Number of protein chains: 2
Amino acid sequence: MRRNPERRQTLIDAAIEVLAKEGARGLTFRAVDAEAAVPPGTASNYFANRDDLFTQVGGRIYERLLPDEATIARSREGVQDQTRYAELMHELVHRVSAFNSGYLALLELRLESTRRPELRAVLTKRIREDIDANIGHHTASGLPGDSTSVMLLYLALNWLIVERLTLPDIFTEQEIHELVDAAVQRSLNT
Amino acid sequence: MRRNPERRQTLIDAAIEVLAKEGARGLTFRAVDAEAAVPPGTASNYFANRDDLFTQVGGRIYERLLPDEATIARSREGVQDQTRYAELMHELVHRVSAFNSGYLALLELRLESTRRPELRAVLTKRIREDIDANIGHHTASGLPGDSTSVMLLYLALNWLIVERLTLPDIFTEQEIHELVDAAVQRSLNT
DNA sequence: AACGTAGTACTACAGGTGGAGTGGTGTCAA
DNA sequence: TTGACACCACTCCACCTGTAGTACTACGTT
């Protein structure tokens, strides 16, 4: 098992692209090698087996989907009212949609996790933490709405992103924009 | 190309199970043969190629996810108020969750459709029609809420089902129940 | 400065799996 | 008798894993 951390990172990021492009079943050592443009056999040296590869990707993917420190800091500035909240949600949808392959890879991982208990455990932990953090942040911000509001928004926005990424012709950009606004407004409306 | 329609049906239904179990990439002629318990080579005789197989499954899967006539008729009986609406949504979540493999297969198809334009066209058409039908039905029923309400509910419930099927430990049954209620209540709240 | 060692990159190969496609034979019904 | 279909068998091929072996590089030792 090799230890070069940059190379491992490169391989995991390549694996994310492979997942998005080829699907979970297409995630093989050789495919990762090819995507990362390293010699065949390299991924074999960095991951014990496919299960290990899936689990490591599951741990990393979420980091790449979350906003960076600067974005988080910026999100806490200014007045915290509903308009501002809607703005942040628009940003969120764009940010996630922009890292297209990352979100598709996460979906692939979710589906794969129905077959891999270890992966399921990793994803469950990460996502539960994220939801709780969002609820905590929301509560602290003094915005109207309760924890249910946060979860409803989480639900609606997630599927909105799925819709946009997988079947982009279902909703127009305009409709997506309006749906985000409506989701914020109505979910906060306790 | 063989024409026996019952056998074709059997093969397509088997393909749905394969999709749910093995993922999109695992949907091969041989896997369908095995799942349908027919001799190897049979699926080859019924579908021109994998693309054809995907497209035909895409056309069929939605029929199996929609409620049957009796259920639809029943849903239009009685008073049409918010309580009744919530009841129907609980039923919906259960029905779809119960046909577990069908919903997972649809998710696999969505992801696969990022690679197969023909499949994407089929799915887009079906789903758009379903949304429009739901909006139409809602408007005709005289319930409070507008078309945005219907779409917000569509978004939230879809992801709720995803969550439940892929990472069942994120939300408890109790939380799911409450989220459905809250989703109905707040989305109708114009 | 020369040498040895450890860790890693790269290459090559052996062994195995599984799927596509097709042609041939048997069977049944019109 | 003929046509459509079920069933079976076989060939070709693509691809993947795991690993052994070689080359390279950096670093520490003397």
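A note on names: the letters A, B, ... follow the listed sequences, proteins ahead of strands, and every chain is numbered from 1. All values reported here derive from a predicted model rather than from experimental measurement.
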### Query
Is B/Asp13 salt-bridged to B/Arg60, cutoff N-O under 4.0 Å?
yes

Going by distance alone, is a donor N or O of one side chain under 3.5 Å from an acceptor N or O of the other, for [X] and [Y]?
X	Y	value
B/Thr42	B/Asn45	no
A/Ser187	B/Arg186	no
B/Asp130	B/Tyr62	yes
B/Asp52	B/Thr55	no
B/Tyr103	B/Glu108	no
B/His90	B/Asp181	yes

Close N/O contacts between protein and nucleotides 18-22 of chain C (under 3.5 Å):
{"from": "C/dA20", "atom 1": "OP1", "to": "B/Phe29", "atom 2": "N", "distance (Å)": "3.4"}
{"from": "C/dA20", "atom 1": "OP2", "to": "B/Phe29", "atom 2": "N", "distance (Å)": "3.4"}
{"from": "C/dA20", "atom 1": "OP2", "to": "B/Arg30", "atom 2": "N", "distance (Å)": "3.4"}
{"from": "C/dA20", "atom 1": "N7", "to": "B/Arg30", "atom 2": "NH2", "distance (Å)": "3.2"}
{"from": "C/dG21", "atom 1": "O6", "to": "B/Arg30", "atom 2": "NH2", "distance (Å)": "2.5"}

### Covered region of DNA chain D, 5' end to 3' end, by chain A [heavy atoms, under 4.0 Å]
D/dC16 to D/dT19

### Task
Tell me what A/Tyr46 touches on the nucleic acid: a base, only sugar-phosphate, or nothing, going by heavy atoms under 4.0 Å.
sugar-phosphate

### Query
So which heavy atom on A/Ala43 is nearest to which on A/Phe29, and how close?
CB-O, 3.7 Å

